[in-house]
S.K.: 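Below you'll find the structure I mean.
In what follows, chains are A, B, ... by sequence order, proteins preceding strands, each numbered from 1.
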Number of protein chains: 2
Amino acid sequence: MGRSKERSGKEGAAVVSSLHDKEFKLELFFPYLTRVFYSHVTRTVSRIYGEQYAMKPHEWRTMAILGVRESLTPAQIMERSSMDKVSVSRAITGLRKRGWILERTNKNDGRSRVLRLSSTGRKVYDNLVPQMIRLEKRLLEDLSPEEVNVLTGLMKRVQEAAKRVPQSDERET
Amino acid sequence: MGRSKERSGKEGAAVVSSLHDKEFKLELFFPYLTRVFYSHVTRTVSRIYGEQYAMKPHEWRTMAILGVRESLTPAQIMERSSMDKVSVSRAITGLRKRGWILERTNKNDGRSRVLRLSSTGRKVYDNLVPQMIRLEKRLLEDLSPEEVNVLTGLMKRVQEAAKRVPQSDERET
DNA sequence: AAATTATGGTTTCATTTGAAACTTTGTCAA
DNA sequence: TTGACAAAGTTTCAAATGAAACCATAATTT
């Protein structure tokens, strides 16, 4: 569950668009490389919470946000996690079923509730966090701290460029 | 379709595991950053083939592999694309329905068929490729060629490390 | 105050996808 | 030659997920 079936790519050759001039090569296409990269990384993560707690990605992410020792509304969880409201809602429902969150009405907004981890949920969280940290160390073990900074910085810049790519219903001016 | 609902992260601060020592922060957790990064990138791609041809990710990838001017079996498509056989099978079924591939039996293996793009499929491919190349340029426009090399190289190394992360049913020696 | 619009969150429906089972053909060992 | 095992690919089933609709409450406009 949540396990990608992609197998490893063949080469890490430089990807410059001009390489496609002669013939488009999927294996050099940056979005494709991103997908393969992502599926390898995410597989390692989902395996941890998937196998130990039968958790889904959005449930883990929601729990991770609630790990801060404060109460949050679903809207705040959305803001801090970049998940959409449906995903957050479903994740909350799942965590609620497990008895991992406590809820009370939101005095400021009758439509909303305020959530926090229950003691049981806190235990699950406290058990997963060191494993996640250990996993992250392993993923980045081949990189120096400088390289990690470079990698995340470059990812960020591509991400910003991706956000600037116009929607098809938008005319680029 | 295929559209992630993640919104942009807040910061690109250095991600070093020691940052979690005080308190685990999802927004600094590398796998999480990878997911957000990936969802932004993939959204730009799927929008192109999704809106113009109602294509799904695996269909585009299969078409991209078949874009080489040779005939391939599903197994060869699997190898070249890192997709699993179920995904390839479903993608082929979809492309077949659209009339975008031609097939003949594989003389070397009665279970298999040999596939290539039909003239209609070739047209779709030829229309999508320059758009994909243009998109890739936009995604990478903020990066110098050297930075692109660095980024893909670092992604590759993390990917390799991810592959070395043991399965939970494997004992690490 | 009442009407309209917006928001927070949930639910429904259809599609996608992951895992496993299945069928046919190919390979290999006895 | 026969049987066991493996491979190539498809199909089934259940779960996940995307998009849209829905409901109740809040905010804004008239």
S.K.: Using whole Å, report how far CD1 of B:Ile92 lies from C1' of D:dT11.
M.R.: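 Atom CD1 in B:Ile92 sits about 15 Å away from atom C1' in D:dT11.
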S.K.: Tell me, please, which residues at least two apart from A:Glu70 pass salt bridge (Lys or Arg N to Asp or Glu O under 4.0 Å).
M.R.: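 Only A:Arg80 meet the salt bridge (Lys or Arg N to Asp or Glu O under 4.0 Å) criterion with A:Glu70.
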S.K.: In whole Å, what is the span from the CZ atom of A:Arg47 to the C1' atom of C:dA19?
M.R.: 15 Å
S.K.: For B:Asn108 and C:dT27, give me the distance from atom CG to atom C1', rounded to whole Å.
M.R.: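 Nearest whole value for this atom pair: 15 Å.
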S.K.: In whole angstrom, what separates B:Asn106's CG from C:dT25's P?
M.R.: 13 Å
S.K.: In whole Å, I'd like the distance from the CD1 atom of B:Ile77 to the P atom of D:dT10.
M.R.: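 These atoms are roughly 10 Å apart.
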S.K.: What residues, two or more places apart in sequence or in another chain, satisfy side chain to side chain contact (heavy atoms under 4.5 Å, CB included) together with A:Arg111?
M.R.: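 With neighbours one apart ignored, the set is A:Asp109.
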S.K.: CG of A:Asp84 versus P of D:dA16: gap in Å, rounded?
M.R.: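 That distance rounds to 16 Å.
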S.K.: Go through the structure and list residues passing salt bridge (Lys or Arg N to Asp or Glu O under 4.0 Å) with A:Arg157, not counting sequence neighbours.
M.R.: B:Glu147
S.K.: Keeping A:Thr152 on the side-chain end and A:Asn149 on the backbone end, is there a donor-acceptor pair under 3.5 Å?
M.R.: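 Yes: the side chain of A:Thr152 pairs with the backbone of A:Asn149.
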S.K.: When you compare the protein's N or O atoms with those of nucleotides 6-8 of chain C, which come within less than 3.5 Å of each other, and at what distance?
M.R.:
| from | atom 1 | to | atom 2 | distance (Å) |
| --- | --- | --- | --- | --- |
| C:dT7 | O2 | A:Arg111 | NH1 | 2.0 |

S.K.: Rounding to an integer number of Å, can you tell me how far A:Leu115 CG sits from C:dT10 C1'?
M.R.: 14 Å
S.K.: For A:Tyr38, give me all partners under side chain to side chain donor-acceptor pair (under 3.5 Å), at least two apart in sequence or on another chain.
M.R.: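 Partners of A:Tyr38 under the side chain to side chain donor-acceptor pair (under 3.5 Å) test: B:Arg35.
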S.K.: Could you list the protein-to-nucleotides 13-15 of chain D atom pairs, N/O on both sides, closer than 3.5 Å?
M.R.:
none

S.K.: CZ of A:Arg164 to CG of B:Asp142: how many Å apart, nearest 0.5 Å?
M.R.: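 Reported value, rounded in 0.5 Å steps: 4.5 Å.
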S.K.: According to the salt bridge (Lys or Arg N to Asp or Glu O under 4.0 Å) rule, which pairs have a member within residues 112-134 of chain B, sequence neighbours left out?
M.R.: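 Listed once each, the pairs are B:Glu103-B:Arg113.
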S.K.: For B:Arg96 and D:dT11, what is the distance between atoms CZ and C1' respectively, to the nearest whole Å?
M.R.: 13 Å
S.K.: Tell me, please, which residues at least two apart from A:Val150 pass side chain to side chain contact (heavy atoms under 4.5 Å, CB included).
M.R.: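 A:Val150: side chain to side chain contact (heavy atoms under 4.5 Å, CB included) contacts with A:Leu154, B:Val150, B:Leu154.
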S.K.: With sequence neighbours excluded, tell me which residues meet side chain to side chain donor-acceptor pair (under 3.5 Å) with A:Gln52.
M.R.: A:Gln131
